[in-house]
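Everything below concerns the one structure shown next.
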Amino acid sequence: MDKLKMHTPNLADENFKKLAAMFPNAVTETITGYKENGEPMTERAIDADVLRQEISVRVVEGAQERYQFTWPDKKKSVVLANAPIAKTFRLDREKSVGRDGTKGSIDSENIYIEGDNLEALKLLQETYLGKVKMIYIDPPYNTGNDFIYEDDFAQETGEYLYHSGQFDDERNRLVQNAESNGRFHTDWLNMLYPRLKIAKDFLADNGVIFISIDDNELGNLEKVCNEIFGKWNKMACLVWQKKTSPDARMDISSAHDYILVYAKHKPEQGFLLNYLPYDEERISNYTNPDNDPRGVWASVDITGQTGRAPKSQFYEITTPSGEKYLPPEGRCWAMSKATFDELYADNRLWFGENGSNRPRLKKFLTESSGQRPWTWWDNKFASYNQASNKELMKLFDGKLVFDNPKPVKLVSQIISLVTKKETGDIILDFFSGSGTTAHTVMQLNAADGGNRRSISVQIPQKLKDTGNDFKANNVALELGYKTICEIGEERIRRAGKKIKEETGADIDYGFRVFHVDSSNMEDVYYRPSDYTQEQLSLYADNIKPDRTPEDLLFQVMLDLGVLLSSKIKEEEIAGKNVFSVENGYLIACFDNNVTEETVTEIAKRHPFYAVFRDSGLASDSVAVNFEQIFETYSPKTQRKVL
């Protein structure tokens with residue numbers, strides 16, 4: 001039986017192994033200090049100068065100036081991204097909602113996570129590696145009034161594993177980043193960099209990330225994204241109009257915000273994004289003056305630039321009324337005479353109502369794939385933005401409980417650019433806020449019958465009475481909401497109920513709620529060297545006494561890379577409680593006094609993984625026969641204990 005490690009991977013270790021394999025001459029050791037007897041303490045390292053030389057086509061001198069984007073503590077933020085943590089997710093059934101909207105059910109494939117998003121991403125990274133089609137985030141814009149995550153850069157990597165996620169007395173990890181802060185941009189960059197670095201690995205090969213931002217940090221964010229995703233993978237900087245009129249209180253008021261778009265792997269040829277459906281204004285240009293049975297159409301020019309056009313594209317056209325046309329000066333027809341005749345015979349050319357105009361090609365709306373997106377998202381998005389507060393108020397009985405949520409129609413267009421209804425795409429938002437993304441996913445699925453799935457992450461930031469600065473906070477407090485998570489979860493519940501009442505669509509209206517917590521395992525599980533033999537004897541069971549079998553199941557799922565949204569069935573086998581995940585792909589039993597009968601019945605089901613408590617087997621005899629039972633009935637099953 002293999003022992004589960006029960007914590008996130010140490011990416012620094014993995015990256016070191018990869019570099020050592022590729023560049024063994026760069027492997028070295030460095031002195032980190034000295035023992036009391038004067039003996040030096042060393043640790044493995046990569047010689048940066050050797051590595052730089054290996055990947056350069058020129059001699060790189062150590063002091064040579066070169067283009068780079070850096071800030072204080074940048075190296076520490078890289079270490080922070082790679083450092084493992086001893087954390088887990090714990091399910092909250094009471095807050096969860098089932099697929100059909102039933103409270104307390106956990107059969108939904110959507111996920112909502114309460115906790116520090118850096119920790120949540122670390123816990124999710126192995127399970128969702130390369131599985132997310134789209135990420136959309138709306139992080140703090142660093143306007144001087146924002147709250148940002150306060151990450152502890154003073155800790156060593158080993159300390160971070162055990163002490164990450166330290167909160168104040170009110171369980172907050174957020175601090176206000178005022179412009180008077182001497183590390184104003186530094187703190188914001190250190191907050192965002194490790195989160196984006198981890199998030200990149202979530203994206204599928206054809207995945208795309210969208211990041212909302214304004215002028216304050218657009219330049220820095222683009223440099224960070226160029227470094228993490230590669231400048232060559234930048235797809236666009238979308239500009240979306242957020243206001244319909246200027247602010248009279250400002251010399252020049254901002255009318256727009258930005259959305260940076262990066263691909264995991266931008267194709268050199270072809271397209272990665274979907275067509276967008278035509279808007280009402282564009283559709284109004286389609287008419288049917290000749291009552292064509294194929295429906296409404298719009299006409300387009302059939303001439304082109306001459307360039308290297310062949311002679312076959314220079315000919316005379318005679319209209320139905322007898323008028324004759326040659327191509328305009330300096331241009332040619334965009335098709336040969338044979339193709340023109342085929343289109344004419346199929347009634348796909350329009351010569352005007354009197355049949356005497358220069359011909360144009362009929363483009364039928366029913367045959368159109370839509371329109372290619374461009375970077376300017378205009379005035380209609382400003383109207384969506386101004387209506388976003390009212391949009392949320394409708395769900396909360398006329399009360400505004402969150403200031404300036406992103407419009408559903410804006411996020412809907414973003415998701416429509418990347419996802420398809422039939423592929424069950426996963427959409428991740430790790431700055432979830434009021435829950436707009438999860439709401440939008442349900443609305444899109446109801447509209448087209450899709451099976452998109454959402455993962456939302458939000459720190460349970462406490463709401464405080466903020467006077468007139470954020471009036472919605474005060475309203476939410478009066479209604480009994482204590483954290484942003486409570487607002488977001490209730491918003492998703494109410495949105496699901498409303499969409500179901502209005503559409504009756506057979507989609508997933510629920511979400512499983514988890515919160516980030518300390519590991520289910522006692523500290524001795526990770527640091528046995530810190531305990532004496534006498535202390536170790538106190539930990540006959542390495543699992544914390546307040547943890548349930550369900551808690552253990554989800555940590556095992558994370559450790560084995562099984563999706564948190566997987567189907568879970570509880571049943572009894574030979575008198576013991578057993579979890580069957582994804583129709584027996586994983587079978588886990590965390591009961592005590594497990595007999596050979598239970599082990600045998602589980603083995604006979606041929607699971608891919610079988611997991612038990614290390615101390616759960618009934619006797620030494622069962623432990624001795626455990627491996628033989630599986631070798632007899634299911635030798636390919638991977639057996640694990642915790």
(request) I would like to know whether Glu14 and Asn82 meet side-chain contact (heavy atoms from CB on, under 4.5 Å); could you show each step before the answer? (result) CA-CA 9 Å; Glu14 297 300 320; Asn82 290 333; over 6 Å; no
(message) Measuring from atom CD of Glu217 to atom CG of Leu189, what distance do you get when rounded to the nearest 0.5 angstrom?
(response) 6.0 Å
(message) To the nearest 0.5 Å, what is the distance between OG on Ser416 and OH on Tyr275?
(response) 16.0 Å
(message) Is the ring pair Tyr128/Phe202 parallel, tilted or perpendicular, if the boundaries are 30 and 60 degrees?
(response) parallel
(request) Evaluate the side-chain proximity of Leu558 to Glu126: yes if any heavy-atom separation is below 4.5 Å, no if none is. (result) no
(message) Treating Lys406 as the side-chain partner and Asp138 as the backbone partner, does any N or O pair qualify as donor plus acceptor under 3.5 Å?
(response) no
(message) Check this for me, if you would: do Lys420 and Asp448 make a salt bridge, where the nitrogen-to-carboxylate-oxygen distance has to be below 4.0 angstrom?
(response) no
(message) Checking Ile492 against Met442 for the side-chain contact (heavy atoms from CB on, under 4.5 Å) test, could you report, in this order, the C-alpha distance in whole Å, the side-chain angles of both residues, the deciding distance, and whether it holds?
(response) CA-CA 9 Å; Ile492 302 168; Met442 284 192 293; 3.6 Å; yes
(message) With rounding to the nearest 0.5 angstrom, report the CG to CG distance, Asn190 to Leu80.
(response) 8.5 Å
(message) Parallel, tilted or perpendicular, judged at 30° and 60°: which one describes the rings of Trp71 and Phe69?
(response) tilted
(message) What's the separation between atom CG in Leu428 and atom NZ in Lys131, rounded to the nearest 0.5 Å?
(response) 13.5 Å
(request) Mark yes or no for whether Asn117, through its side chain, and Val457, through its backbone, hold a donor-acceptor pair below 3.5 Å. (result) no
(message) Quick one, Trp333 and Ile302 - any side-chain contact, counting heavy atoms below 4.5 Å?
(response) yes
(message) Looking at Val239, is its backbone amide N or carbonyl O close enough to the side chain of Tyr258 to form a donor-acceptor pair, meaning the two atoms are under 3.5 Å apart?
(response) no
(request) Please state whether the rings of Phe89 and Phe514 are parallel, tilted or perpendicular, taking 30° and 60° as the class boundaries. (result) tilted
(message) For a quick check under 3.5 Å, do Asp429 and Thr437 share a side-chain donor-acceptor pair by atom type?
(response) yes
(request) Examine distances only and state if a side-chain atom of Asp508 and a backbone atom of Glu109 form a donor-acceptor pair shorter than 3.5 Å. (result) yes
(request) Ignoring hydrogens and angles, state whether a donor on the side chain of Tyr141 or Asp215 is under 3.5 Å from an acceptor on the partner side chain. (result) no
(request) May I have the step-by-step check of side-chain contact (heavy atoms from CB on, under 4.5 Å) for Leu203 and Phe229, ending in yes or no? (result) CA-CA 11 Å; Leu203 289 174; Phe229 298 98; 4.2 Å; yes
(request) Please find out if less than 6.0 Å separates the ring center of Tyr136 from that of Phe210. (result) no
(request) Check step by step if side-chain contact (heavy atoms from CB on, under 4.5 Å) holds for Lys409 and Phe381. (result) CA-CA 8 Å; Lys409 289 186 178 179; Phe381 289 96; 5.7 Å; no
(message) Checking the side chain of Ser253 only, and the main-chain atoms of Asp247 only, is there a donor and an acceptor separated by less than 3.5 Å?
(response) yes
(request) Please say whether more than 12 non-hydrogen atoms of neighbouring residues, nucleotides or ligands are located less than 6.0 Å from CD in Gln305. (result) no
(request) Provide the closest heavy-atom pair for Ala236 versus Thr375 in the form atom of the first, atom of the second, distance. (result) CB-CG2, 4.0 Å
(request) Locate the shortest heavy-atom distance separating Arg453 from Ser565; write the atom from each residue and the value. (result) NH1-OG, 4.3 Å
(request) For the pair Glu227 and Lys74, find out whether any cationic side-chain nitrogen is under 4.0 Å from an anionic carboxylate oxygen. (result) yes
(message) For the backbone of Arg452 and the side chain of Asp425, can you confirm whether one donor and one acceptor N or O come within less than 3.5 Å of each other?
(response) no
(message) If you define the side chain from C-beta out and look only at heavy atoms, does anything of Lys87 sit under 4.5 Å from Lys122?
(response) no
(request) Look only at the side chain of Gln241 and the backbone of Asn379, and say whether a donor-acceptor pair between them is shorter than 3.5 Å. (result) yes
(message) Rounded to the nearest 0.5 Å, what separates atom CG in Leu272 from atom CE in Met235?
(response) 4.5 Å
(message) Donor-acceptor pair, distance only, cut-off 3.5 Å: does the side chain of Asp205 make one with the backbone of His265?
(response) no
(request) Taking the side chain as every heavy atom from C-beta outward, state whether Ser254 and Lys242 have any atom pair closer than 4.5 Å. (result) yes
(message) Donor-acceptor pair, distance only, cut-off 3.5 Å: does the side chain of Glu114 make one with the backbone of Cys485?
(response) no
(message) Exactly one of Leu444, Asn451, Asn445, Val441 should register a side chain to side chain contact (heavy atoms under 4.5 Å, CB included) with Ile507. Which one does?
(response) Asn445
(request) Check whether any side-chain heavy atom of Val261 lies under 4.5 Å from a side-chain heavy atom of Leu417, and answer yes or no. (result) no
(message) Using side-chain heavy atoms (C-beta onward) and a distance below 4.5 Å, is Lys133 in contact with Ile426?
(response) no
(message) Can you confirm whether Glu281 is buried at CD, in the sense that more than 12 heavy atoms of other residues, nucleotides or ligands lie under 6.0 Å from that atom?
(response) no
(message) Which heavy atom of Arg195 sits nearest to which heavy atom of Asp116, and what is that distance?
(response) NH2-OD1, 3.2 Å
(request) Return the minimal non-hydrogen interatomic distance between Thr244 and Ser383, and the atom names on each side. (result) CG2-N, 4.1 Å
(message) When you compare the side chains of Thr436 and Arg491, does any donor N or O come within less than 3.5 Å of an acceptor on the partner?
(response) yes
(message) Would you compute the distance between atom CG of Leu273 and atom CZ of Arg372 and round it to the nearest 0.5 angstrom?
(response) 7.5 Å
(request) For the residue pair Leu410 and Asn385, establish whether any side-chain heavy-atom pair is separated by less than 4.5 Å. (result) no
(request) State, to 0.1 Å, how close Ile211 and Cys225 come at their nearest heavy-atom pair, and which atoms those are. (result) CD1-SG, 3.7 Å
(request) Work out which heavy atom in Lys266 is nearest to a heavy atom in Trp232; give both atom names and the distance. (result) CD-O, 3.5 Å
(message) Tell me if the NZ atom of Lys421 is crowded by more than 12 foreign heavy atoms within 6.0 Å.
(response) no
(request) Kindly indicate whether the side chain of Asn389, heavy atoms from C-beta on, has any atom under 4.5 Å from the side chain of Pro405. (result) yes
(request) State, without any angle test, whether Gln443 and Ser412 hold a side-chain donor-acceptor pair at a distance under 3.5 Å. (result) no
